[in-house]
Amino acid sequence: MYFVQMMARDFTDRVLAWYDRSARVLPWRIAPGSAETPDPYRIWLAEVMLQQTTVAAVAGYFARFTERWPTVGDLAAADDADVMAAWAGLGYYARARNLLACARAVVTDHGGRFPDSEAGLRALPGVGDYTAASVAAIAFGRAAVVIDANIERVIARHRLIETSLPAAKREIRAALAPLVSDDRPGDFAQALMDLGATVCTPRSPACGICPVMADCRARGRPDIERLPVKPPKKAKPHRHGIAWWIERDGAIWLIRRPDKGMLGGMRALPGGDWADDPPLESGAAESGIVRVDHGFTHFDLTLTLVRREAPPEAPPESLGAAGEGIWWPIAELDAAGLPTLYRKLTDKMLERDV
DNA sequence: CATACGTGGCA
DNA sequence: TTGCCAAGTAT
């Protein structure tokens, strides 16, 4: 019993000592040992942006958001379209919709302050198990069990957990819970994430410099990269679609996609549904064709742009799937906040036109 | 428990 | 070039 506690403390201390030496410097992070108080708004915003998204991709967005909306109250008061446009290019757009819903819930239901408990945070829109635990630990010093993909990898290897994800999560949590630092839970969580991101990497882990290599059960194994075991991936189907370039007086017609589904709530070019089969010759034969290939998480898409005149008797409004649209000046297209798929298409179209 | 949901970087 | 992967959440 005492031995187990001693080993746990030893693991925790070694991880924290390594973090004190090796912590990454990140815009949303307070350096270990600093006297600064974390701002729950900035911690939460960064955690949401970082969901399934790399540090490099987030940095610029985090800077722009915090500059434009310095507090959760500022964000709650923002226009939906401005926030969606500011999120454009970052992906997983449900996060942006939930971000606004969460900010407004904090203002409306919590007096403008984030709940300081894991359970309170977990009840907010877009805040799942990971984000609730990480904000509780980092912003409020709660000894929450934080588990992200980095920490899963570190623990699965250290304890040689062979169970496949997501079933392995239960064992990982059980192994991690007794190791959590009561004194520095936020630093402990960030330390393990840094360790996973920079030392215990998916491929070619640097076991030689790992602070917990002494008792790592996977250390030295030629198949260490196998852990954590993941389920086999399914093949991605290929789909096709048409988008319309409708131009008038130096502007093009943009619509807003429905909240649910792909690119939900984002501004986009009008067009037809995406189908399993290529579009018919008749549509593709028109002038002004540009084509892009784009890979989504669960399917690949070939999207063909067709120049189209809005017939006088059929107002362009009817061409937008959401029935909602706007004439957007082509010269200001950068500010439209188009997701990458459409951004690729318009970039290519303008390059071609010049 | 499985699936939908973006994007960019790296080997 | 193709596949893998990243501080996950909602349903």
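By convention in this document, chain letters (A, B, ...) are assigned in the order of the sequence lines, proteins followed by strands, and residues within each chain are numbered from 1. What you are looking at is a predicted structure, and each value in this text was computed from that prediction instead of being measured.
Rounding to whole angstrom units, CD of residue A:Gln190 and P of C:dA7 are separated by 13 Å. Here B:dA2 presents its C1' atom at 16 Å from NZ of A:Lys230, a figure rounded to the nearest Å. Atom NZ of A:Lys169 and atom P of C:dA7 are 13 Å apart (whole Å). Going from atom CZ of A:Phe188 over to atom P of C:dA7 covers 16 Å, rounded to whole Å. A:Tyr130 places its OH atom 14 Å from the P atom of C:dA10, with the value rounded to the nearest Å. One atom, CG of A:Asp300, and another, C1' of C:dG3, lie 11 Å apart when rounded to the nearest Å. Taking atom CD1 on A:Ile172 and atom P on C:dA7, their separation rounds to 14 Å, with Å as the unit.
Between A:Asp80 and A:Arg97 there is no salt bridge, since no side-chain nitrogen of the basic residue lies less than 4.0 Å from a carboxylate oxygen of the acidic one.
The shortest side-chain heavy-atom distance between A:Val146 and A:Leu176 does not fall under the 4.5 Å cut-off. For the pair A:Tyr342/A:Leu303, a side-chain contact is recorded, criterion being any heavy-atom separation below 4.5 Å from C-beta on.
Looking at heavy-atom distances under 4.0 Å, A:Leu192 makes no contact with the nucleic acid at all. Across all strands shown, A:Val127 has heavy atoms under 4.0 Å from sugar-phosphate atoms exclusively, and none from any base. Within the nucleic acid shown, A:Trp44 has no heavy atom closer than 4.0 Å to any nucleic acid atom. Nucleic acid contact class of A:Pro125 (heavy atoms, under 4.0 Å, all strands): sugar-phosphate only.
Both the sub-6.0 Å distance and the 45° axial angle are not jointly satisfied by A:Arg184 relative to the ring of A:Phe188. A cation-pi geometry, defined here as NZ or CZ lying under 6.0 Å from the six-membered ring centre and within 45° of its normal, holds between A:Arg308 and A:Trp244.
Just one of A:Asp194, A:Asp187, A:Asp39 meets the salt bridge (Lys or Arg N to Asp or Glu O under 4.0 Å) condition when paired with A:Arg29; it is A:Asp194. Each of A:Arg217, A:Arg226, A:Arg157 was checked for a salt bridge (Lys or Arg N to Asp or Glu O under 4.0 Å) with A:Glu162, and the lone residue meeting it is A:Arg226.
Residues A:Glu47 and A:Asn98 both approach DNA chain C. Their nearest nucleotides, taken by heavy-atom distance, put A:Glu47 toward the 5′ side.
Of the P atoms belonging to C:dA7 and B:dC5, the separation is 23 Å, rounded to the nearest Å. One C1' atom belongs to B:dG8, the other to C:dT1, and the distance between them is 16 Å to the nearest Å.
For A:Asp148, the listed nucleotide lying nearest its side chain is C:dG8; candidates were C:dG8, C:dA10, C:dA6.
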**Q.** Sugar-phosphate or base contact per nucleotide [nucleotides 3-11 of chain B; S, B, -; heavy atom under 4.0 Å]
**A.** SSBBBS---

